[in-house]
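Worksheet: one structure, shown below.
On a predicted model such as this, the values are computed, not experimentally measured, just so you know. As a basis for the values below, the full set of heavy atoms in this structure was taken, side chains included, without hydrogen atoms, waters or symmetry mates. When a residue number appears, it is its place in the shown sequence, counting from 1.
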Amino acid sequence: MFRKQPSWLAGAFIEMVVVVVSILIAFSLDAWWDRQMEQRQEREVMAGLLSEFREVEAQIEEERRFHEAVKETTLLLMELSLSDDIPVQADSLDRLLGDLFWWGGESNYSSGTLTSAIASGQISIIQNDRLRDLLAEWPRVIGDIRENEANEIWEYRNGLKPFMRARANMAQLANRIEYEPGSEEPYPVTKVPQSSSRADHWSLVKDPQFHNLMLFRLWTNDDILTEFDEFHPHLEEILTLLGAELQG
């Protein structure tokens, strides 16, 4: 016959089982809580990114309209510089030349949330591999655009600006500025004193150097618009994936 086990041993076994089960439950609850917190953080990060990238999308569209308008003006001035007659009125020509004082500058796209997520490592909590890769690649994409924008600034400062300052009546042209290229909202430009005698800017437009400067201006704007076209699918995919993840 089997010897009867002491009652205290059975109680100790039951107590041990209870302790082990309690520990396992505690670990499970901790793991569940950690997953909940991580999912909450992931959603907060993605919500911030979605808002930020929507702002970037609106800014990009505004800048696209600006550069398309600048390109249109540039092409028109190139045509005028090669014309044998004078097909536009002097005021209209001054308005076109006044548009040359505009340049886009290096864009400061909203990226605080993304920069913080990358720097802090929070980007790693995003579970969607494709979305995570696109976000990590974004700074390089924006860098390509800024490089072309820097080229535009350099061309303006070192080519067009000195040329216009030496040959144009700057005050006369500045007083003809009414709108920012690509915008229908009046731009508040301070009217400046100018000579009572009007300058004729046709000789400026006919200068072969002017045609060359317009060519470089055209190229830099084409480069910027090409970058917009190339990274637009990148931006759209990020917005689509962020929206889908948040809805899910």
Side-chain angles (χ1 to χ4, degrees), residues 56-109 140-187 189 199-235:
V56 170
E57 183 181 39
Q59 185 178 355
I60 290 298
E61 289 309 308
E62 180 179 343
E63 294 190 5
R64 184 195 297 273
R65 289 192 296 270
F66 171 85
H67 287 286
E68 286 175 344
V70 169
K71 177 181 177 180
E72 182 179 348
T73 298
T74 303
L75 284 170
L76 180 54
L77 285 169
M78 290 182 74
E79 291 176 0
L80 292 176
S81 71
L82 299 176
S83 176
D84 293 330
D85 53 9
I86 304 177
V88 297
Q89 298 295 321
D91 282 351
S92 298
L93 178 62
D94 284 352
R95 287 192 186 94
L96 291 172
L97 293 174
D99 281 349
L100 298 180
F101 296 152
W102 294 92
W103 73 95
E106 290 190 65
S107 302
N108 184 24
Y109 300 106
R140 183 200 62 77
V141 174
I142 293 301
D144 291 342
I145 294 176
R146 285 179 173 159
E147 182 178 349
N148 284 314
E149 290 174 335
N151 291 336
E152 179 194 26
I153 296 173
W154 190 94
E155 290 290 347
Y156 174 80
R157 290 176 176 171
N158 296 281
L160 184 59
K161 183 178 179 180
F163 176 88
M164 296 294 289
R165 188 164 51 193
R167 293 168 174 79
N169 184 326
M170 301 286 282
Q172 180 177 316
L173 297 182
N175 286 335
R176 302 308 302 170
I177 296 175
E178 297 177 357
Y179 301 93
E180 177 182 333
S183 174
E184 297 180 355
E185 294 293 327
Y187 191 86
V189 178
D200 182 0
H201 290 119
W202 277 109
S203 59
L204 177 155
V205 173
K206 298 293 186 179
D207 189 324
Q209 187 179 350
F210 178 79
H211 191 273
N212 290 338
L213 289 170
M214 292 299 97
L215 179 59
F216 279 104
R217 187 174 175 86
L218 175 65
W219 283 345
T220 53
N221 277 276
D222 267 343
D223 287 342
I224 293 170
L225 289 169
T226 298
E227 288 293 342
F228 286 163
D229 289 339
E230 289 181 354
F231 94 86
H232 191 261
H234 191 122
L235 173 61

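The shortest heavy-atom contact between A174 and V189 is O-CG1, 3.9 Å. Taking every heavy atom of both residues into account, A69 and G182 meet most closely at CB-N, 3.2 Å. When all heavy atoms of F228 and E63 are compared, the closest pair comes out as CZ-OE1, 3.8 Å. Taking every heavy atom of both residues into account, R95 and E178 meet most closely at NE-OE2, 3.9 Å. Between F66 and W103, the shortest heavy-atom distance links the atoms CZ-C, 3.7 Å. Smallest separation of non-hydrogen atoms from I177 and G98: CD1-O, 3.7 Å.
A distance of 9.0 Å separates CD in Q172 from CG in D200, rounded to the nearest 0.5 Å. Between the CD atom of Q89 and the CG atom of D94 there is a distance of 11.5 Å, given to the nearest 0.5 Å. Here the CD-CD1 distance, from E230 to I145, works out to 9.5 Å after rounding to the nearest 0.5 Å. With values rounded to the nearest 0.5 angstrom, I224 atom CD1 is found 13.0 Å from R146 atom CZ. To the nearest 0.5 angstrom, K71 atom NZ is 10.0 Å from T74 atom OG1. Here the CD1-CD distance, from I142 to E147, works out to 13.0 Å after rounding to the nearest 0.5 Å.
Side-chain N or O atoms of H201 include one that pairs as donor or acceptor with a backbone N or O of N169 at under 3.5 Å. The closest donor-acceptor contact from the side chain of S83 to the backbone of L80 lies at 3.5 Å or more, if one exists at all.
Side-chain atoms of M214 and L100, non-hydrogen and from C-beta on, do get closer than 4.5 Å to each other. Side chains of L97 and F210 form a contact here, defined as non-hydrogen atoms less than 4.5 Å apart. Within the 4.5 Å cutoff, the side chain of E61 has heavy atoms near those of the H232 side chain. In this structure, the side chains of E62 and Q59 stay at 4.5 Å or more apart for every pair of heavy atoms. Annotation: side chain of R217 is not in contact with side chain of L77 (no heavy-atom distance under 4.5 Å).
Counting only residues at least two apart or in different chains, side-chain hydrogen bond (donor to acceptor under 3.5 Å, both in side chains) contacts with residues 151-162 are absent.
Counting heavy atoms of neighbouring residues, nucleotides and ligands inside a 6.0 Å radius, atom CD of E72 does not exceed 12 of them.
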For the pair M164 and L213, evaluate side-chain contact (heavy atoms from CB on, under 4.5 Å) and give the outcome as yes or no after the intermediate values. CA-CA 10 Å; M164 296 294 289; L213 289 170; over 6 Å; no
Determine, step by step, whether V205 and L96 satisfy the side-chain contact (heavy atoms from CB on, under 4.5 Å) criterion, reporting the C-alpha distance in whole Å, the side-chain angles of both residues, the deciding distance to 0.1 Å, and the verdict. CA-CA 11 Å; V205 173; L96 291 172; over 6 Å; no
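Listed by chain and number, the residues in a ring-ring contact (aromatic ring centres under 6.0 Å, His included) with W219 are F216 (sequence neighbours excluded).
A salt bridge links D144 and R140; the closest N-O separation between the charged side-chain nitrogens and carboxylate oxygens is under 4.0 Å.
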